[in-house]
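Written out below as structure tokens is the structure these notes cover.
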Amino acid sequence: MNYDENENELLNKIANCRRESQDHQNDWQIETRESYEFVAGNQWADEDKARLEELQRPCATFNRVGPVIDAIVGYEINNKRVTRYMPRSMNDGNIAEVLNMSAEWVRDRCNAEFEENDAFRDALICGMGFIETRIDDDLDPEGRIVQERVSPLEMRWDPSSRKQNLEDANWLSREKWWLLDEVYEKFPEIADDLLIGMEDLGNNTWSKPHDATNAWRYQENATSNWYDKGEGRVLIAQYQWRERATDYTVTLPDGREFTFDEDRWNRLKERLPNTPVREHQSWKYHQALVAGPTVIETEELPHDGFSIRAITGKREEETGLWYGLVRSMKSPQMWSNVFFSTAMSALQSNSKGGVMIEDGAVNDLREFEDKWADAGGVVHLNSGALSNNMVQERSYGGYPPALDKLMQFSINSIRDVSGVNMELLGMVGHEQAGVVETERKQSSLTILAPFFNSMKRYRITQGNDLMELMRFHLKPGQVVRITNLGEPVWWRDPGTQKYDVVISDADSSPNLKNEVWSSLQNILPAYLRTGMPIPPSIIKFMPIPDSVANDWMSYMEQQMQQQMQQSDIQGMQQQMQQMGTELQKLQQENMSLKEKRETEIMKLQQRQAESQMDLQVKEQEMLMDMKFKEMELAMKQKMDEAELATKLRDIDSRYDLEMKRIMSNNELQRGNTEAQMQAQQVKAVIDLHNEREKRKLAAESMSFENQIDDEDKIEIEEGVKDSRKRIITWLKGQGGELAKLAETLNE
């Protein structure tokens, strides 16, 4: 057949990968097949079994490997964990809820839980388990997301991969035999060309003794590698690989980001001028279906990753191969079978008792044999037979010493090398405390933690793949029917995983149910003594069937709702009663407050009346005091005026007497000088007297200044002025020197 350059390059690449996997994984394939045989109970090699049968020796097998694997798988089933989408913030709760409900719907339709259990069992047996997540158009015309287990014997992978679950593998390949009817039904347009291409490589048929699943181990490019004409089937390789590609991330003005491949960006970049663009490298995953020299189809995988995901066990660091628990249990199981078969053979071939007898010891040998076998019979011997040891009992052969100890050591080693103790198997032959048994189970699970850790890592990766498939495959109407939220929550944004949800499993502990229930046993008694109700969610951790737990939870929820309703009604009634009681109290308090208020008002009114009366009395007292003071002031003024008038009269009288004396003296004195001097002296005396009187009057007037009003002051000043005028007038009337003195006083 003619192939273009791209197909030839792809076929060469696949051929090189197959050769690498053959060199790397050939011994692993043989060991894996033996491991599955050991778990199934086929623990003898064909050569050893044939030799023992030829020697007519027993070939016993007591399979202790299978129960160990079944116990661990049982723990995984009873404590099942599923992928969960956790919201990164409170606002992302609706998105996470839609994803969880949609993922649960998808997984229920394809029985993903059971497929994962089988894949986990594969990982325990041979160290590799595989699950393929894809869209199947055969089950549903619109396409159905399915998850199915893939046999490890069909898988090949990149020998350079070292990460857990082959997360750094550059390629994976699944080689599966398809019946010709399936090929014609699936690829009707190329089925004839495919078979012609097989015939061109040769017409050899697949020989019957060979295992078709192991066909890749035989001669490269032989027709029998791809086409089994006798069985009517074709080996088709589902080859997946990844390549580096350039992507362009565009940031729109509203902050949204979109990523385009190089071809699509070249078509769109003219429509998005001046838009920020970031160029970066990313992995692109592809798939090709190949049968011999024919490339059936190629496609780009719909999510960032291979559709077939691995679950790995323990790793050989030197070779990079993965192995399970059966590898370490093979030798103890094989030797326990050998020791038991040897003991059985010894018991079959060695003597089991009897008697040795010489000739002449008995007369009738047949009678002796019958009576020797009879427990109550009497054996008759000839004389001297016993004393001469002519009859001796044959010793029991048994089996070689210490063979039973070796066999017991081998049996115990099966559990020791695997890390699975009797508590985990549930085969403890004595009573022990529940806490001790739980701790020993937990220590056994700790040894098996690498397998559970790989399972958790698979769930996270598979959750991402499932979310990508749901984004592009589920329709909004389906989301509404699945979630029953009324309208779909928009979770098709490619940034949902990056910004909105965290992908994880429910819990990392493989024995969460028993752990929680063991802890609750210590808490619940004290919790119940306080009278607090038990949350219904606790029931799902009880060691009872899920159906019983669900019915019990539903019943408790109904009872709690009824109790809440009754308690609400009772609470409302109690509240009404309390409100009525409080209303009565408030009314009584209101009445008492009114009475207190009226009493206070009366007291205030009485106090106000008393204060008004006191004010009136004080006002009257003040008026009386003012009138009394006015009367005192008037009387004092009158007394001052009378005293002043008396003093003025005294002055006038003294002045008259003095003038008379001066006049008499003038007559006696000689000349005008003496008279002038006397007049001056008189003036001085009068001035001195007036000055003293003024000072005295000023002092008296200052003491009563605050009590005398302006009119009184004016009257007093006018009285003084009148007295002065009368004196000056009188002096002027005297003439002479007195007239001059009057002028001086007037100035």
Side-chain angles (χ1 to χ4, degrees), residues 13 17 20-21 24-25 28 32 76 81-86 103 112 115-116 118-134 147-152 154-174 238-245 247 259 280-288 300-324 448-469 471 494 497-498 501-505 508 510:
K13 183 177 182 178
C17 292
E20 291 177 4
S21 64
H24 181 254
Q25 299 158 18
W28 182 87
T32 297
E76 168 65 20
R81 295 292 169 269
V82 295
T83 303
R84 289 296 180 193
Y85 300 94
M86 310 295 183
E115 299 294 328
E116 289 173 351
D118 285 346
F120 181 71
R121 187 173 185 272
D122 293 335
L124 292 173
I125 295 174
C126 64
M128 297 293 291
F130 294 91
I131 293 285
E132 183 179 13
T133 305
R134 57 184 175 83
Q147 293 178 248
E148 63 179 8
R149 173 247 184 190
V150 178
S151 172
E154 296 178 356
M155 293 300 301
R156 314 288 177 264
W157 62 88
D158 184 5
S160 63
S161 175
R162 290 295 184 273
K163 279 190 176 183
Q164 196 177 40
N165 293 357
L166 303 181
E167 290 190 354
D168 60 340
N170 292 316
W171 62 271
L172 293 174
S173 179
R174 178 188 183 185
Q238 181 183 354
Y239 179 74
Q240 298 180 357
W241 75 99
R242 65 178 185 177
E243 296 176 346
R244 290 281 186 181
D247 286 340
T259 301
H280 56 90
Q281 296 290 319
S282 63
W283 290 109
K284 297 297 181 183
Y285 293 83
H286 307 271
Q287 174 178 282
E300 184 174 345
L301 295 177
H303 51 79
D304 295 336
F306 299 123
S307 64
I308 302 176
R309 294 294 186 178
I311 304 171
T312 56
K314 299 180 180 180
R315 179 180 56 236
E316 288 185 8
E317 191 61 34
E318 184 176 354
T319 62
L321 293 171
W322 303 83
Y323 63 94
L448 302 173
F451 294 95
F452 294 109
N453 190 50
S454 296
M455 196 66 185
K456 178 180 179 180
R457 191 166 184 171
Y458 156 76
R459 290 193 184 100
I460 296 173
T461 305
Q462 190 267 341
N464 183 35
D465 297 343
L466 188 60
M467 186 175 68
E468 292 293 322
L469 288 176
R471 282 180 55 233
Q497 178 188 356
K498 185 176 181 181
V501 295
V502 179
I503 302 176
S504 181
D505 61 350
S508 59

Counting C-beta onward and ignoring hydrogens, is there a side-chain heavy-atom pair between L172 and L166 closer than 4.5 Å?
yes
Value for CZ (R134) from CD1 (I308), rounded to nearest 0.5 Å, stands at 9.5 Å
Using only heavy-atom distances, determine whether the side chains of D247 and S282 contain a donor-acceptor pair under 3.5 Å.
yes
Looking only at non-hydrogen atoms, find the nearest pair between T319 and E316 and report the distance.
OG1-OE1, 2.7 Å
Is there a side-chain contact between T133 and L469 in this structure, where contact means two heavy atoms from C-beta onward sitting under 4.5 Å apart?
yes
Here the gap from R149 atom CZ to D122 atom CG, rounded to the nearest 0.5 Å, amounts to 4.0 Å
If you apply the rule side-chain contact (heavy atoms from CB on, under 4.5 Å), what do you find for H303 with R471, and how did you get there?
CA-CA 10 Å; H303 51 79; R471 282 180 55 233; over 6 Å; no
Exercise: do S454 and Q164 side chains pair donor with acceptor under 3.5 Å
yes
Enter the distance from H286:NE2 to Q240:CD here, rounded to the nearest 0.5 Å.
11.5 Å
Determine, stepwise, if the pair Y285 / W283 fulfils ring pair (Phe, Tyr, Trp, His ring centres under 6.0 Å).
CA-CA 7 Å; Y285 293 83; W283 290 109; 7.1 Å; no
Give a yes or no on whether the backbone of W157 and the side-chain of Q25 come within a donor-acceptor separation of less than 3.5 Å.
yes
Answer yes or no: is there a side-chain heavy-atom contact under 4.5 Å between L321 and R315?
no
What are the two closest non-hydrogen atoms of Q238 and Q287, and how far apart are they?
NE2-OE1, 2.9 Å
Of all heavy-atom pairs linking T83 and R459, the shortest is OG1-O, 3.1 Å
Might you confirm whether atom NZ of K13 has over 12 heavy atoms from other residues, nucleotides or ligands at distances under 6.0 Å?
yes
So, do K314 and F451 sit near enough that their side-chain heavy atoms are less than 4.5 Å apart?
yes
Q147 to Y458 - nearest heavy-atom pair and separation:
NE2-OH, 3.4 Å
Hey, are the side chains of R121 and E76 touching, using non-hydrogen atoms and a 4.5 Å cut-off?
no
Is it true that a side-chain atom of H24 and a backbone atom of D158 form a donor plus acceptor pair closer than 3.5 Å?
no
Which atom pair, heavy atoms only, marks the closest approach of F306 to A169?
CE1-O, 3.4 Å
Is it true that atom CG of D168 has more than 12 heavy atoms of other residues, nucleotides or ligands lying nearer than 6.0 Å?
yes
Residues S173 and Y239: closest non-hydrogen pair is CB-CD1, 4.1 Å
Hey, is the main chain of S307 close enough, under 3.5 Å, to the side chain of D465 for a donor-acceptor pair?
no
Does the side chain of F130 come within less than 4.5 Å of R174's, by heavy atoms?
no
Would a 4.5 Å heavy-atom cut-off, applied to side chains only, mark R156 and W171 as touching?
yes
Side-chain (T312) to main-chain (N165) donor-acceptor, under 3.5 angstrom
yes
Can you find a pair of side-chain heavy atoms, one from M128 and one from W28, that are under 4.5 Å apart?
yes
Taking only Lys NZ, Arg NE, NH1 and NH2, and the carboxylate oxygens of Asp or Glu, determine whether R309 and E115 approach each other closer than 4.0 Å.
no
